[in-house]
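Read through the structure below, which is laid out as C-alpha cells, and then see the notes.
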Number of protein chains: 2
Amino acid sequence: MLDNRVKTFMKAVDAGSFSRASKDLFISSVSIKKQMDSLESELGVQLLERTNRGVKPTVAGEIFYGSAARANQLSEHALRQIRGLSHQEKPTVKVGTSLLRPCSRFLDIWTRAGSSDEFSIEIVPFEDGEKLDKVIANLGNGIDCFLGPCDAPRWFKLCSVLKLGFYDCAIAVPRRHVLSEKSHLAWDDLEGQSLMLIEKGTSPVLDSLRSEIESRHPSINVVDTPTVYGIDTFNQCEREGIFMETLDVWRDVHPGFATLPMEWDYRIPYGLFYSKNPSDRMARFVDLLTEG
Amino acid sequence: MLDNRVKTFMKAVDAGSFSRASKDLFISSVSIKKQMDSLESELGVQLLERTNRGVKPTVAGEIFYGSAARANQLSEHALRQIRGLSHQEKPTVKVGTSLLRPCSRFLDIWTRAGSSDEFSIEIVPFEDGEKLDKVIANLGNGIDCFLGPCDAPRWFKLCSVLKLGFYDCAIAVPRRHVLSEKSHLAWDDLEGQSLMLIEKGTSPVLDSLRSEIESRHPSINVVDTPTVYGIDTFNQCEREGIFMETLDVWRDVHPGFATLPMEWDYRIPYGLFYSKNPSDRMARFVDLLTEG
DNA sequence: CATCCTTACGTAAACCGTAACTATC
DNA sequence: GATAGTTACGGTTTACGTAAGGATG
C-alpha cells in the first residue's frame with residue numbers, strides 16, 4: 001500500500017546507512033540513494049542527513065518515519081483482514097516453484113500429511129534468474145514458501161527451513177561425452193575429468209565430498225562454481241564440456257546433460273523455506289507438515 | 001506516501017468507472033485498468049468488480065478503501081506538519097514556468113506587492129508538452145501556481161485564478177513573409193491572408209475578434225487551432241506559412257515568426273493559476289497579491 | 001449503438017546495477 | 001585503507017498511450 005520509496009526510507013532509517021539497508025533490501029545502495037533523493041525532492045523536504053558514517057533522519061524525517069510506520073501498520077492490518085475473507089473456506093498457501101526448486105515432491109508430502117482438508121495450495125512460478133536471496137527475503141509476499149536443498153547454513157540466517165527429506169547427489173555428464181551413454185558412474189570413470197563443485201565452505205556435505213576427491217582421487221580436477229547453482233551454471237558447463245556434481249531433481253533442467261547416479265552415498269537434505277516471521281496461517285501449515 | 005496504484009484505486013471507486021476516473025486523473029483508462037490489475041495481483045485479492053457499466057468495489061475492496069483513506073489522511077497530516085517546519089523562516093511558493101507560461105511579469109508584481117518579506121519564491125520549470133490540464137490538476141504538488149492567459153472559462157472549473165493584468169493580442173508573421181519586415185500591422189495587411197485563431201467557444205475575447213473578422217474582413221481566412229496553443233501550433237503555422245493570432249509575451253517562443261502589434265485593442269487577461277483547494281500558505285500568498 | 005472494459009503493440013520514462021570517484025575516519 | 005555517500009553511464013523493466021476488439025444493455 002505504501003510507496004516503495006517510503007518503505008525504503010524506513011529501512012534506511014532502521015539500518016542507519018544506505019549500505020546496510022542495501023543488504024537488507026537486496027538492492028544496491030545507489031538505488032536506495034536515488035530513491036531517497038526522489039522522495040525528498042517530491043516532498044520538498046530533506047528527510048535524511050547524510051554523513052560519511054551513515055545517515056540519520058532529520059526532524060522532518062522522524063515525523064515522517066512515525067507517520068509512515070503507523071500507515072504501514074494500518075495497511076498491513078487491512079491486508080490481513082482482506083486476505084482472511086477472500087478465501088473464507090480454506091486458507092491458501094502459495095508455493096513457489098522454479099526449474100531449480102521444483103515443488104514436485106512437495107505435493108506428495110502434503111497430501112500424505114492430510115493437510116489437504118485444511119489448506120488449499122496455489123503454485124506460483126518464480127524465475128531462477130532473480131537473486132535467490134531476494135526471493136527468500138520476500139517470503140510471505142507473493143510466495144509463502146518453496147522447496148529446495150537446504151544444506152548450506154547460510155539460508156538459516158535468512159529464513160526458517162523445515163527439513164523434509166534428501167536429494168541424491170549425482171553427476172551431470174555433457175551429452176557429447178561418451179560417458180553419458182552409461183547408466184551409472186563409478187570413481188574410475190571420473191579420473192582425469194573436470195568436475196564442477198560448489199565453492200568450498202558453502203555446503204558441509206559437498207565439502208566432505210571435496211575432501212574425499214582431494215585425498216583419494218587427486219586426478220579429478222575440481223572447478224569451483226559460485227555459492228548458488230543457477231541455469232547459467234548448467235549452460236557454462238555444457239559449453240565447456242565439463243562434468244557437474246548435481247542432484248537427481250535437476251535431471252531435466254538442461255537437455256545437454258545426462259544425469260547419472262554415482263557410486264557414492266552423498267545426499268543433500270531438502271526442506272521447505274518459509275519466512276522467519278511466518279503468518280499464523282503459514283505457521284499452522286508448517287505445524288501440519290511437521291506432524292504428518 | 002501511498003503507492004500510486006492505491007491512489008488510483010480510490011479515485012476509481014469514487015468515480016465508479018475507469019473511464020470517469022481517467023478524466024479526473026488525466027491518464028488513460030487503459031493505464032488505470034493495468035494499475036488495478038497489478039494491484040490486485042500483488043495483493044492476491046480482487047478489489048473491483050468490473051461490469052460493462054463501470055466498476056464497483058468488492059467487499060475486500062471496501063475494506064481496503066477504508067484503510068487506504070485513513071492512511072492517506074495520516075500521510076497528508078504528516079506532510080503538512082513537515083512542510084510547516086522545514087521552512088521556518090520563510091514559506092516557499094513554487095512558481096511554474098514554461099515557454100508559453102513565462103513567469104517574467106510575475107516577479108515584478110510580486111516585488112511590488114511587498115510580499116518578498118514574507119515568502120521566498122522558487123521557480124520550477126515545466127514542459128509545455130504535457131497536457132496543461134494535468135499540470136493544473138496537480139497544482140499544489142511540485143508546482144504551487146503559474147501565470148498564464150485566463151480568458152477561457154474552462155480553466156475556472158479546474159482551478160482558482162487570480163487576475164493580474166492583460167496581454168496584448170498581436171500577429172505572428174512567418175519571417176519569410178514580406179510583411180514580417182513591418183513594425184506594425186493594419187487590417188489592410190491581413191486581407192486575403194490565412195490567420196490561425198483558437199477554436200470558437202474557447203475564449204470570449206477571441207470570439208469577438210472572430211466576429212469582427214467574419215463581418216468586416218471576410219477575405220481573411222480563419223483557421224482553427226485546438227483549444228490550447230502549444231509549441232506544435234507554432235511549428236505547424238511556421239511550416240504552412242500562415243499568420244497567427246498571438247500574444248506579446250509569446251514574442252520569443254518561435255524564431256520563425258515576427259510578432260507584430262496590430263491596430264486593434266484586443267487584450268487577453270492573464271492571471272495566477274492555483275489549486276482550487278489551496279494550502280494555507282498558498283491562500284495567504286494570494287491574499288498578499290490581492291492587497292498589493 | 002453507445003458505453004465501458006480489455007487486448008495488442010510501440011514508445012518513453014523510470015529503475016537498477018557496475019564502476020569510478022570523493023570524503024572522512 | 002576501510003567505509004561511507006555520490007556521479008556517470010548503459011541496459012532492462014515498467015508505465016503509458018493509441019488503436020482496435022469485444023461484451024452488455
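Just so you know, these numbers come straight off a predicted model, no measurement behind them. Below, chains carry the letters A, B, ... as their sequence lines are ordered, and counting in each starts from 1.
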Practice prompt. Name the orientation class of the two ring planes belonging to F257(B) and F234(B) (parallel below 30°, tilted from 30 to 60°, perpendicular beyond 60°).
Written response: perpendicular

Worksheet item: Can you give one letter per nucleotide of nucleotides 4-14 of chain D, 5' to 3': B if a protein heavy atom sits under 4.0 Å from the base, S if only from the sugar-phosphate, - if neither?
Response: SSSBBB-----

Practice prompt. Considering only NZ, NE, NH1 and NH2 on the basic side and carboxylate oxygens on the acidic side, decide whether D133(A) and R154(A) come within less than 4.0 Å.
Written response: yes

Practice prompt. Taking heavy atoms of chain B and a 4.0 Å limit, find me the 5'-most and 3'-most nucleotide of DNA chain C within that range.
Written response: dC4(C) to dC9(C)

[X] (side chain) donor-acceptor with [Y] (main chain) under 3.5 angstrom:
X: Q35(B); Y: F9(B); answer: no
X: T8(A); Y: N4(A); answer: yes
X: T58(B); Y: Q46(B); answer: yes
X: K11(A); Y: V6(A); answer: no

Discussion item. A side-chain contact here means heavy atoms from C-beta on lying under 4.5 Å apart; do S160(A) and Y274(A) qualify?
Written reply: yes

Worksheet item: Sequence neighbours excluded, which residues qualify as salt bridge (charged side-chain N to carboxylate O under 4.0 Å, His left out) partners of R20(A)?
Response: none

Worksheet item: With sequence neighbours excluded, what pairs up with E238(A) under the salt bridge (charged side-chain N to carboxylate O under 4.0 Å, His left out) test?
Response: none

Discussion item. Using C1' atoms of five pairs at each end, report the bend of the helix from dC1(C)-dG25(D) to dC25(C)-dG1(D) rounded to 10 degrees.
Written reply: 30°

Worksheet item: Mind checking what makes side chain to side chain contact (heavy atoms under 4.5 Å, CB included) contact with N72(B), not counting sequence neighbours?
Response: L2(B), M10(B), S75(B), E76(B)

